[in-house]
Structure formats: structure tokens, C-alpha cells
Amino acid sequence: MPFLVGLVSAFIFYLLLTTSSGNLFLWSKAELITGAIFALTVGAVTTKLAAEKGFRILTPMRWFLFFAYSVGPFFWAMAKANVDIVYRVITGRINPGIVKISPNLKTDIGLTLLANSITLTPGTLTVDVDEETNDLYIHWINVRKETLEKMPRDYRDICGTLPDWARRLAG
Amino acid sequence: MTLDITIYAFIAIGCFFNLMATIGLHRFPDFYTRLHAATKCSTFGSIFLVLAVIIHSLRAWVIEGLSSPQSVLSIHAFIALIALLVTNPTGAHAIARAGYRSGVKPVQAVIDDLEGKEYD
């Protein structure tokens, strides 16, 4: 099963990259054969990896949620982030600092998703990760005083609902 | 016509944010704040530039028929967009981590939770 998933996704990806190369619908015979060879190789190489890590992230429901996340809350947060950065570029008003948050994520892929989302959204940039406790160290461009008072920092002040989304998408 | 205006508007937005990223590199005081400007604005600006390319080539694809070579342009641009969204923050993260570990401290920082942490 992992072999088939790897093979089919690699083949589809190759076909996407080589559209309009010939007259067999959209592809030429040579490209189809090359694609099949590459897909077989990729499927064989990724079998072991996929069997270890699992394909939980690949279920259709998660894909749908992921799409909804990236065009909805993520894009909106990103637009806000950019207006905010432009404002700070023009006025030069900054109040930076590095804060630690504990998003309570269990999987590596969830943590990666969150770290990347945080980097692209308002005023925050992931600097380091504690691999044992899954805590993130974040450079925050406009530190609010209220957040600093309690020690397990409330991540809702810093990056909104992004950790909740990451937990929903990749546990 | 409307599509043309959309394309020009997207290019304008993209150029504006990329320009702001460049100005931010000049105006911000230290490494981390500069990284903020460089990552966020250049990613957001490039998204709009790529969207303009996608709209332009999709229109040409629809006009010229299914087997048009324009399909390559739109699909490749879309894949480039996904790659950009994944690699740009990852790269920034790697640069920030490397910077902190080689001793670059944030200027004007009011708090630094990472200070004094042991590295393995």
C-alpha cells in the first residue's frame, strides 16, 4: 500500500510537470515511459520511510482542512502580517524580544507546519525549537507587556489560533 | 479586460511588498528584525507575482485549447508557489537558528527566553 501511494503520487507529479509534450492526450510516449520509471524508483525508495512514518496526514479530510486553513485563516493572518511589517518599516516602531511558547504538539509534521506558519504571520519568527519538549522559541517584533508577566506564555497572545489549527491538522 | 486589470493589480501589489522588504532590510536595526522584513514581505509579494503569472497563462491556456504549451507555464508557476511557501520560512528559520547559535543577540530586546539555554 505505501508503495502504491508513493508510485501514484510520483507519477501524477511527473505528469503535471510535463504537460503538452506530445499527442497522447497531453503527453508524449517518451515522457510517459520516463515518468513510469521514475515513479517506480520513487515508490520503491519511499516504501520503508512511509511504512515507518505512516500516511495519516494524507487522508482526504485532512487535505480538505489543510486547503481551508491555507486560504482562510492563514492567508488572512499573512495579509495582516504584511501590512504590519510595512507599518513598522515606514515608522521604525519596534519592541523586539525572544519568547518561548509551548504549543503541545506531538508530531514533527505538526510542529513544522506551525513553525512555518508562525514565521509567515504577524510579527513573529521562529528562531529555535526544543526537540525534547516541543517548545518553540519565537522572535516577536512587538512584545506586549501583559504576556511577559506569566511564565508559561499564553500562545493566543502571540500567534492567535494557529497552534489549534496545527493540532487539528497534524495532531 | 477585467483580467488584465487584475493581472496588473497583482503585479503592482507584488512589487510594492518586495520593495518594502528591501527598504525594511535597510531600516531595521538588527539581524532578526531584518529577517522579519525579508521573509514575510518577499513571500507575500512573490505570491501575488506568481498569481499574476498563473492568471495570465490560464487565460492563454483556455483560449488556445487543451494542448497549448501555456499549460506548462501555469502548472510550473503553481508548483513554484507551493515550493516558495514551504522553503522560504524554513530557510528563514534555519538562518535565525544559526545566527543565534553563533552569538548574534537581538538588539533592543526587552526579553530573551532563549538566553543561557544549553545546546546539545
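Keep in mind that what you see is a predicted model, and the values were worked out from it rather than measured. Throughout, protein chains are lettered first and strands after them, A, B, ... in sequence-line order, and every chain is numbered starting at 1. Scope of the values below: all heavy atoms of this structure, side chains included, with no hydrogens, waters or symmetry mates.
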Is it possible for you to say whether [X] and [Y] belong to one hydrophobic cluster, with membership spreading through side-chain heavy-atom contacts below 4.5 Å?
X: B/Ile7; Y: B/Phe17; result: yes
X: A/Ile94; Y: A/Ile90; result: yes
X: B/Leu85; Y: B/Ile82; result: yes
X: A/Tyr14; Y: A/Leu7; result: no
X: A/Phe66; Y: A/Leu111; result: yes

Between B/Leu25, B/Thr90, B/Asn88, which residue shows the highest count of heavy-atom pairs closer than 4.5 Å to chain A?
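Heavy-atom pair counts peak at B/Thr90.
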Report the option among B/Ala92, B/Cys41, B/Gly99 that has the most heavy-atom pairs separated by less than 4.5 Å from atoms of chain A.
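That would be B/Cys41.
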Tell me, out of A/Thr19, A/Asn82, A/Asn116, who's got the most heavy-atom pairs with chain B below 4.5 Å.
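Result: the option with the highest number of such pairs is A/Asn82.
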Which atom of [X] lies closest to which atom of [Y], heavy atoms considered:
X: A/Val127; Y: B/Arg97; result: O-CB, 3.2 Å
X: B/Ala96; Y: A/Thr126; result: CB-O, 4.0 Å
X: B/Met20; Y: A/Val86; result: CG-CG2, 3.7 Å

Nearest 0.5 Å, what's the CZ-CG distance between B/Phe44 and A/Leu120?
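If we round to the nearest 0.5 Å, B/Phe44:CZ and A/Leu120:CG are 10.5 Å apart.
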Going through the distances and angles, do A/Phe13 and B/Ile79 end up as a side chain to side chain contact (heavy atoms under 4.5 Å, CB included)?
CA-CA 10 Å; A/Phe13 193 72; B/Ile79 291 171; 4.0 Å; yes
B/His36 vs A/His139, test: side chain to side chain contact (heavy atoms under 4.5 Å, CB included). Steps then yes/no.
CA-CA 9 Å; B/His36 272 279; A/His139 184 269; 3.0 Å; yes
Other residues, nucleotides and ligands only: do more than 12 of their heavy atoms fall within 6.0 Å of CZ on B/Phe31?
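Yes, because the 6.0 Å sphere around CZ of B/Phe31 holds more than 12 heavy atoms from other groups.
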Engaged part of A/Leu17 at the chain B interface, taking heavy atoms whose separation is under 4.5 Å:
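For A/Leu17, the contact with chain B is made by backbone and side chain together.
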At a heavy-atom separation under 4.5 Å, does A/Ser117 approach chain B through its side chain, its backbone, both, or neither?
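Contact with chain B is absent: no heavy atom of A/Ser117 under 4.5 Å.
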Sort [X] into side chain, backbone, both or neither according to what part of it lies under 4.5 angstrom from a heavy atom of chain A.
X: B/Phe16; result: side chain
X: B/His93; result: both
X: B/Pro106; result: side chain
X: B/Phe28; result: side chain
X: B/Ile23; result: both

Yes or no on side chain to side chain contact (heavy atoms under 4.5 Å, CB included) for A/Trp140 and B/Tyr32, after CA distance, side-chain angles and deciding distance?
CA-CA 9 Å; A/Trp140 195 10; B/Tyr32 298 99; over 6 Å; no
Test side chain to side chain contact (heavy atoms under 4.5 Å, CB included) applied to A/Met78 and B/Thr43, step by step
CA-CA 10 Å; A/Met78 205 167 159; B/Thr43 312; 3.9 Å; yes
Any side-chain to backbone donor/acceptor pair from B/Arg27 onto A/Val89? Under 3.5 Å, distance only.
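Yes; judged by distance alone, with no hydrogens or angles, the pair exists.
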Is the shortest side-chain N to carboxylate O distance from B/Lys40 to A/Asp84 below 4.0 Å?
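Salt bridge: no.
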Are A/Arg88 and B/Thr33 side-chain neighbours, meaning at least one heavy-atom pair lies under 4.5 Å?
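They are not in contact (no side-chain heavy atoms under 4.5 Å apart), so the answer is no.
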